Amino acid sequence: MQIKELLQQQPAEQEVIVKAWVRTKRVSSSVAFIALNDGSTIHNIQAVVEENTVSEDVLKLVTTGSCVAVTGKLIASQGQGQAVEVKVKSIEVYGTADPEKYPLQPKKHSLEFLREIAHLRPRTNTFSAILRVRHALAFAIHKYFNDNGFFYLHTPIITGSDAEGAGEMFRVTTLPAINPPLNEEGKVDYKEDFFGKETNLTVSGQLEGELGAMALSKIYTFGPTFRAENSNTTRHLAEFWMIEPEVAFYELIDNMNLAEDFIKYLVKYALENCGDDIAFLEKRLLDEEKTKKKEEQSEMSLTEKLKFVVENTFERLTYTEAIEILLNSKAHKQNKFNYPVQWGIDLQSEHERYLVEKHFKKPVILTNYPKEIKAFYMKQDEDGKTVRAMDVLFPGIGEIIGGSQREDNLEKLIQRTKEVGIPEESIWWYLETRKFGSAPHAGFGLGFERLVLFVTGMSNIRDVIPFPRTPKSAEF
RNA sequence: UCCUCCUUAGCUCAGUUGGUUAGAGCACAUGACUGUUAAUCAUGGGGUCCCUGGUUCAAGCCCAGGAGGGGGAGCCA
């Protein structure tokens, strides 16, 4: 039985076996207490070893980090702090952990240090809580879509199109790194490569997702995504997970409604199903906040923040309206922005942060951006200047969703590909969806780790994925 | 990639103006203690001061280069 279940049992001296890792051991002359955790819950179960039940030699091997199977009786706890505990009959040690060498101590460790021991950090309270929340959110994503008539479409991880324009790509090749075959021009001859052409890891499943939506109407993808950008920030990974719904017959407004409903559902699901873990993370956050200056401390606790998102509507406004607000802001008038504000600029983090954290103090959906700063596939507005793009901006995280209604008019789409320099033949299959039975449709990409960041209240994206891949870092 | 800060015991960090044998808390080991909650108390062991080179009678401290890490920016999800 897992500890999560055991802690909910009525203690009636029934025999139980607990297989778990030792968190701490406290010994006095006649009794020893062992805190055990198997990752099923944030809570430990306490095993009580009374004198002469377990040999000294065995008890000596029970140290922080070791793995044991404890057999005993489940009884009501005599001490404070827990309802039940295990009165130990015997202990089998599965694996020892030399206390001189085991890096996790029963004390607070810095997140930076834990990142260096990513193979062991799931054994800490903080990371096991994060991983359970991460799981719950992933499950809720599938549940939401399934319950709403969406089909899970598996888009390829290896792609032959380099036209998505979402960022630098990782090359996939079986050609030798030294002396690869060359063509007549002296360049690498990809005709000799495994796929007979240049291939990369996907930067987005969207283009293929659209193909699915043009047949199944409502699809979503949820898979790993790769960007070879040299990004060194708290919100970027080289390998991350992205959710991309794509829906036929949806226009921008439907897309916004979906995005808002979807996020609220996920946050609510976490609140309802991960209460213990979120409570733990909230406490952790509170301790951390205490070390900060007063003005930097957040006004809301983690739970309050999550409830606030669930209970309030997201602010919706156009890019043009956002620029107006920025131009009329004190920050702009007092020259506080590092980047000047003007219609046509790509909004900088400081601008987004002003809108979300200072002006509206809630999630914001920005729409109808200038076409020059957005992707070629976004549907052009009637004014010829803007496109039906939408970004969902969250406090502390920035862009959590980027999406749009797609251009469904073949001529207009071809014209845009020409303007931005994408060769038609490289995405002929994408263009054909507009040639045969085209339909209005829309979709978006949600950064999974950014969502997990928000729900857990963590601040570095490397701490919400088990094994982060970032520039110069792919250990584990 | 740019800006900025950091690197001293297993962990978190202190280390004065460059000056003898580099410190603390926690962890760990040993002992004490009839029920603890990251137990408590006592004692003890533990150091390539990130690396390379330089300045100096003398470098953890100053200078140059490099490596690793944090935070911010850009790119985006």
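Proteins get letters first, then strands, A, B, ... in listed order; numbering begins at 1 in each. Predicted model only: the values in this text are computed from it and were never measured.
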Taking the same atom, [atom1], in [N] and in [M], what whole-Å distance lies between them?
| N | M | atom1 | result |
| --- | --- | --- | --- |
| B/C13 | B/A22 | C1' | 14 Å |
| B/G18 | B/C57 | P | 16 Å |
| B/A73 | B/U17 | C1' | 38 Å |
| B/U12 | B/C2 | P | 28 Å |
| B/A39 | B/G60 | C1' | 37 Å |
| B/U34 | B/A29 | C1' | 24 Å |
| B/G44 | B/U52 | P | 34 Å |
| B/G54 | B/G70 | C1' | 29 Å |

Please determine whether a side-chain nitrogen or oxygen atom of [X] lies at a distance below 4.0 Å from atom OP1 or OP2 of [N].
| X | N | answer |
| --- | --- | --- |
| A/Asn460 | B/G71 | yes |
| A/Lys60 | B/U30 | yes |
| A/Ser28 | B/U34 | no |
| A/Gln348 | B/A73 | no |
| A/Arg115 | B/G68 | no |
| A/Arg353 | B/G72 | no |
| A/Thr24 | B/A39 | yes |
| A/Ser231 | B/C76 | no |
| A/Ser349 | B/G74 | yes |
| A/Arg23 | B/U37 | no |

Does [N] have a Watson-Crick or wobble mate here (both distances under 3.5 Å), and if so which one?
| N | result |
| --- | --- |
| B/U12 | B/A24 |
| B/U36 | none |
| B/A67 | B/U7 |
| B/C2 | B/G72 |
| B/A59 | none |

All heavy atoms of A/Ile91 vs all of A/Val58, minimum pair found to be O-CG1, 3.8 Å
Could you please spell out the steps behind the side-chain contact (heavy atoms from CB on, under 4.5 Å) verdict for A/Asp254 and A/Val247? CA-CA 9 Å; A/Asp254 309 302; A/Val247 192; over 6 Å; no
Using heavy atoms to find the nearest nucleotide of RNA chain B for A/Trp241 and A/Tyr102 separately, return the residue whose nucleotide is more 5′. A/Tyr102
How do A/Lys472 and A/Ile401 order along RNA chain B: which one's closest nucleotide is nearer the 5' end?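 Its nucleotide being nearer the 5' end, the pick is A/Lys472.
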Using a strict 4.0 Å threshold on nitrogen-to-oxygen distance, state whether A/Lys60 and A/Glu56 make a salt bridge. no
A/Gln14 CD: over 12 foreign heavy atoms closer than 6.0 Å: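 Yes - once you tally the heavy atoms of other residues, nucleotides and ligands closer than 6.0 Å, there are more than 12.
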[X] [atom1] - [N] [atom2] separation (whole Å):
| X | N | atom1 | atom2 | value |
| --- | --- | --- | --- | --- |
| A/Leu111 | B/G70 | CG | C1' | 11 Å |
| A/Leu446 | B/C76 | CG | P | 18 Å |
| A/Lys108 | B/G10 | NZ | P | 23 Å |
| A/Tyr339 | B/G74 | OH | C1' | 6 Å |
| A/Arg26 | B/A32 | CZ | C1' | 18 Å |
| A/Glu116 | B/G10 | CD | C1' | 13 Å |
| A/Asp98 | B/G10 | CG | C1' | 11 Å |
| A/Ile141 | B/A77 | CD1 | C1' | 13 Å |

Could you tell me the separation between the NZ atom of A/Lys379 and the CD atom of A/Glu407, rounded to the nearest 0.5 Å? 4.5 Å
4.5 Å side-chain heavy-atom contact, A/Leu61 and A/Ser66: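 Heavy-atom side-chain distance check fails, nothing below 4.5 Å.
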Donor-acceptor side-chain pairing of A/Gln334 and A/Lys336 below 3.5 angstrom: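 There is such a pair between these side chains.
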